[in-house]
Amino acid sequence: MYLGVDYYPEHWEKERWDIDASLMEKAGIEVVRLAEFAWSKLEPDDGVYDFSWLDEVISILDRHHIKVVLCTPTASPPAWLIEKHPDILPVNRNGQRMSFGARRHYCITNKVYYYYSERIIRKMAKHYKDNPQVIGWQVDNEFGGPKCYCENCRKEFQLWLKNRYKTLDNLNKAWGNAFWSHDYTSWEQIPLPIVYYHNPAFDLDFRRFFSDMTVRYSNMQIRLLKELNPDKFVTHNFMGLFPELDYYELAKEYDFVSWDNYPRGPENRYRSALAHDVMRGLKKKNFWVMEEQCSYLTREDITRTFPPGEMRLWTYHCFAHGAETVVYFRWRACNFGIEQFHSGILQHDGTDKSISYRELLQMKDEIRRVGPKIEGTKIVSPVAIIYDYENIWVNCAYTEKPMYDYPGEILRFYKAIKKLGINVDTVRPTDDFSSYKVVIAPLLYVMTDEIAENIKRYVSKGGIFIAGFRCAIKDKNSNMLKDVLPGKLRDLFGIGIYAWDNIRDRTVEIRDKEGRIYRGDTFADLITPEGAETLAWYNSSWYKGYSAITLNAYGKGKAYYIGCGLEQEFYDLIMKELLSEYEVKEVIFPEEVEVNIREKDGKRFIFVNNFSDKEVFIEIKRDMFDLISEKYIQGRVMLLPFGVMILEV
Ligand code: GAL
Ligand code: ZN
């Protein structure tokens, strides 16, 4: 468990660097991320390099026992480069070329940009190769666009399609180009999707293309760094639930995933928790947080200042979900530039009086004590939720906006599981599910033979599978299947779905076997049981008689189909019923509190986080040692506002 900061020494006078480094050391900072957007300072003109200032910063940090993660500065090509090669600038959907002046202003397929990126990376990697102070690299910053619609991207897209489909006949069939006279007779005719209504199959392939191009550019950087600096790690700062890239593919060649966590406030804690779990799931491995919010944020708006204690709470929340290191964004608030209203650990005044700095001082000793105990612990989960980018993209088939809230549908289940203090993994639909008691799949639109077999294999061997509405309606090209729904999984669920309804604008009544009434929302699959048992029926207007929730025995396992969105109470009940054996037994806690467990060699560490700004009470069922307060505790105990405990079992 280490703490770090994102530091931009180029934003301050030289005289300040040593003061900063000693303040960092005093507060227990052990890692600093540098050079993220510093291209214009590292290569002030074409082929003219100046690493002297960075060398100096690194040696100052060295004297204060602080390690360094360097960034490739490619998120921000300098003005001289854009002047020479304006084609690097991306073109938006309206055909306008972006101007220089913000960041991420490059087209991800541009060959000239590859050349200049490689050149600066080579220079930096050679320069820092033998510097043991530099422990690793962060590639670029937050990949993800803007998407570019330039002529070169169009050619690359055509090539990519040719590679995928081989013949135009295959492509025309896969996309359903008989519709509205869209058949292509040459590859060159294929445009980029800049019309308002585009074909969902076309849309999906363009999303795959953009993701692939990003992975290609990212892999170029990773391979170069690995070749030149084999002893240093290479990572990238991902963006949690960001939907536009296939993060599983992007993560493949990195040593580990890092991500940028900006939860804003406790009201978003489940989303932030889910994002941590998604990030851990990309490589099934613990991760870093490379940018952790330390207080108020800015750009479109200015968010609230974290009250004392909240930064510390979020920090332990990262560790609770599998973070190894938490790096705060940013060391000091900058007095110029677009983020001048953005907080840092130090405020603009640079004194040690800020709330965040004082909190760091408090955490320093805690982390030094707790860290070695937690080292090497893992998150083990009895339940997994499918999180899949093809399904996220298919859910956007009509416009850029998603049809349904993909993370929102996941969160209904997720919240219910977290209330039991149970860890959750996120997985791909083709992963091996055998270690999980329960696998949940909201909005699993896309169904292939491979996925269907994987799910059935899991259930037949004793697994429990739960699907939400709109399951298995599409093929891998985002076209509707011709089967009776839920298509390839019809026998698994023992149902047929011959009618459905969109209920975004109203709710309907659902009645379960015990006579409990729930409100159904969002979408209604009107289920006809064909072997399955009905657990709840629709109880409104013409839906009456249709099943809403069904359960089917399949092999040694069971499959649930939940036909509509339901009130939270329903998810709480079903998760408790299915997962009660894994419920945390040692601690009883209210909803404001989150509980996660890390474990190693039969030892368990229960992380308890109070997300409320008020005192709350929890009940500890047996005598346990709290690593934070260094006391044995039992019985009814109070957690301070934003309080934290780590109980050793
Ligand atoms: C992140 C970005 C940082 C900074 C931060 C502000 O997404 O990586 O460079 O802009 O947002 O909150
Ligand atoms: Zn382009």
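We count ligands from 1, going down the list as the structure has it; atoms in each ligand are counted the same way. As the structure is a computational prediction, the values presented were derived from the model and not from experiment.
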Quiz item: If you draw a 6.0 Å radius around OH in Y2, do more than 12 non-hydrogen atoms from other residues or ligands fall strictly inside?
Solution: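 Open.
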
Practice problem: Answer yes or no: does atom CD of E188 have more than 12 heavy-atom neighbours from other residues, nucleotides or ligands under 6.0 Å? | Solution: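 Counting neighbours around CD of E188, more than 12 heavy atoms of other residues, nucleotides or ligands fall under 6.0 Å, so yes.
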
Exercise. Scan N237, T72, T235, D6 and name whichever one has a side chain to side chain donor-acceptor pair (under 3.5 Å) with Q138.
Key: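 Filter result, single survivor: N237.
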
Practice problem: Compute the ring centroids of F287 and H276, then answer whether they are less than 6.0 Å apart. | Solution: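 Ring centres of H276 and F287 closer than 6.0 Å.
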
Side chain, backbone, both or neither: [X] near ligand 1, heavy atoms under 4.0 Å:
X: R330; answer: neither
X: Q293; answer: neither
X: H342; answer: side chain
X: N141; answer: side chain

Taking all atoms of both residues into account, what is the closest heavy-atom pair of [X] and [Y], and its distance?
X: P308; Y: I355; result: CA-CG2, 3.8 Å
X: T303; Y: Y296; result: O-CB, 3.2 Å
X: R428; Y: D246; result: NH2-OD2, 3.6 Å

Exercise. Considering only NZ, NE, NH1 and NH2 on the basic side and carboxylate oxygens on the acidic side, decide whether D50 and K41 come within less than 4.0 Å.
Key: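 K41 and D50: not salt-bridged.
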
Quiz item: In terms of side-chain geometry, is the basic nitrogen of K67 or E30 positioned less than 4.0 Å from the acidic oxygen of its partner?
Solution: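 No salt bridge links K67 with E30.
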
Quiz item: Are any of the N or O atoms of E142 closer than 3.5 Å to those of ligand 1?
Solution: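 Indeed, backbone or side chain, E142 has an N or O that close.
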
Hey, which atoms in ligand 1 end up nearer than 4.0 Å to a heavy atom of [X]?
X: D260; answer: 8 (O)
X: F37; answer: 9 (O)
X: R103; answer: 2 (C), 3 (C), 9 (O), 10 (O)

Self-check item: Test item: side-chain donor near acceptor, Y128 and D55, under 3.5 Å
Solution: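 There is such a pair between these side chains.
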
Exercise. Note the single closest protein heavy atom to atom 2 (C) of ligand 1, along with its residue, its atom name and the distance in Å.
Key: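 So the nearest neighbour among protein heavy atoms is E291 OE1, 3.3 Å.
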
Practice problem: Among all protein heavy atoms, pick the one closest to atom 10 (O) of ligand 1 and tell me residue, atom and distance. | Solution: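 Ranking protein heavy atoms by distance from atom 10 (O) of ligand 1, first comes E339 OE2, 2.4 Å.
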
Quiz item: What's within reach of the Zn ion (ligand 2), meaning protein N/O/S atoms under 2.8 Å?
Solution: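 Only C107 SG, C148 SG, C150 SG, C153 SG fall inside 2.8 Å of the Zn ion (ligand 2).
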
Self-check item: Heavy-atom nearest neighbour of atom 5 (C) of ligand 1 within options Y262, Y296, Y8
Solution: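 When every heavy atom of Y262, Y296, Y8 is considered, Y262 comes closest to atom 5 (C) of ligand 1.
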
Self-check item: Y7 side-chain N/O to D20 backbone N/O, donor-acceptor pair under 3.5 Å
Solution: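 Checked: no pair found.
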
